[in-house]
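Please read the structure below before turning to the comments.
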Amino acid sequence: MIQQPTFDWLVQIAIIRQRISDAFLRRQNVVACGIGIKISNGQSTGIPSVVVSVTRKEPKNRLTEMELIPPEVSGIKTDVIETGIIKALSLERTARVRPIQPGISTGHEKATAGTLGCIVKRNNEFFLLSNNHVFAILNEGGLGDGILQPGPADGGSETDKVGELAGFTPLVFLNSSPEMTEPSSQPQGCAALLARLLGQQEVPRLPSSTPLQSPFENRVDAAIARILPTIPLDPTLAELGGPPTGIAEPQLGMHIFKSGRTTGVTEGLVTQVDVTVDVDYGDKQARYVNQIMTTPFTERGDSGSLMINAQRQAVGLIFSGSDLISIANPM
């Protein structure tokens, strides 16, 4: 049993540890210096000590006198443990990641790169969710086209194919000439897209007060890709602790988070809802209605990221922004 050292004893050890840390960390293979309980032959001795961490333990006869850690310093025992090289646990989001998980680089085989938002399952078939402009290259993609991880801009090639384009909501641009059709009374947005593409029988309808969509208005920049059966999956939102737990409505002042290809995990606040906004796509411009505006917490390449609240509920699908704001489709 470990006997808890007295406060005065801990203070004495802390003072010595502070005094010797710099000198120990200059020695070969030493990567850390702290306070712990000395271990001998795999068993705890119960003795508080200065613990020195090394990348690899070496036999004493291979070390010079200057490289050896003394058995004690100023009457305090020392201990040496092997930890290996200590690395940051950040995910290399633009690299090839297997199993694939939301928050990493992806894109159409002929595009650049965006972010995998989340993984959707229907029966035993899996789909990837991201933006139209990430997976369907602004309506130019065809069903069955290859989806890569990482995206082409991050070095993805044919050998990195993880899925095939399975469906997308076509975008209508302000400088185009869409056919004038009767406005649809069907639900819009990501929920409707997923319900339609994933075969759900019932989906929530828009409130009766919500204006019907005009021929030049969009509600969602979204697409899904069917995952190849050989690709391993992890639904956990990268570095956010787990998969989405449900769907939530955006609220003014809501604290929101995202895990994206370019900026990793960032957070912001919902500043506006029910936003009508014109978004530039290079030489094209599209108008969106009923959007979410937030404080800036995204950059180029974060398109497709899932925006969640503190309960890890999906609030929106990020697709655009500027240096001063970010924009998402409400779920």
- Message: Does anything in residues 302-331 form a ring pair (Phe, Tyr, Trp, His ring centres under 6.0 Å)? List the pairs, not counting sequence neighbours.
- Response: Y288-F319
- Check whether any side-chain heavy atom of I147 sits under 4.5 Å from a side-chain heavy atom of E109, and report yes or no. no
- Message: Under 4.0 Å between a side-chain nitrogen and a carboxylate oxygen: does that hold for E125 and R226?
- Response: yes
- Message: Quick check against the 3.5 Å criterion: does N139 have a side-chain atom that pairs as donor or acceptor with the backbone of L171?
- Response: yes
- Query: Is Q285 atom CD crowded by more than 12 heavy atoms from other residues, nucleotides or ligands, each under 6.0 Å away?
  - Reply: yes
- Message: Side chains of K258 and T298: any donor to acceptor distance under 3.5 Å?
- Response: no
- Message: Counting only heavy atoms not in R98 (residues, nucleotides, ligands), do more than 12 fall under 6.0 Å from its CZ?
- Response: yes
- Query: Does a side-chain N-to-carboxylate-O contact under 4.0 Å join K77 and E72?
  - Reply: yes
- Query: In chain order, what residues pass the side chain to side chain contact (heavy atoms under 4.5 Å, CB included) check against T115, with sequence neighbours excluded?
  - Reply: R261, D302, S305
- Message: Let's go through T55 and N29 carefully: what are the C-alpha distance in whole Å and the side-chain angles of both, what is the deciding distance for side-chain hydrogen bond (donor to acceptor under 3.5 Å, both in side chains) to 0.1 Å, and is it a yes or a no?
- Response: CA-CA 5 Å; T55 57; N29 292 336; 3.2 Å; yes
- Evaluate the criterion side-chain contact (heavy atoms from CB on, under 4.5 Å) for residue pair I227 and V162; output intermediate values, then yes/no. CA-CA 6 Å; I227 303 173; V162 296; 5.5 Å; no
- Query: Are H255 and F257 close enough that their ring centers fall under 6.0 Å?
  - Reply: yes
- Message: Rounded to the nearest 0.5 Å, what separates atom OG in S74 from atom CD in Q12?
- Response: 8.5 Å
- Task: Verify the distance criterion only: is there a donor paired with an acceptor across the side chains of T169 and R219 at less than 3.5 Å?
- Result: no
- Query: Got S49 and I37 here, is their nearest side-chain heavy-atom distance under 4.5 Å?
  - Reply: no
- Message: Applying side chain to side chain contact (heavy atoms under 4.5 Å, CB included), can you list everything that pairs with Q313, at least two apart in sequence or on another chain?
- Response: T245, A248, N309, Q311
- Let me see the working for Y281 and N132 under side-chain hydrogen bond (donor to acceptor under 3.5 Å, both in side chains), right down to the final yes or no. CA-CA 12 Å; Y281 291 94; N132 174 314; over 6 Å; no
- Item | Closest approach of S44 to I39 (non-hydrogen atoms, all atoms of both residues) | CA-CD1, 3.7 Å
- Query: Taking NZ, NE, NH1 and NH2 as the nitrogens, is one of them in K60 or E65 under 4.0 Å from a carboxylate oxygen of the other?
  - Reply: no
- Heavy-atom neighbours of R27 CZ exceed 12 at 6.0 Å: yes
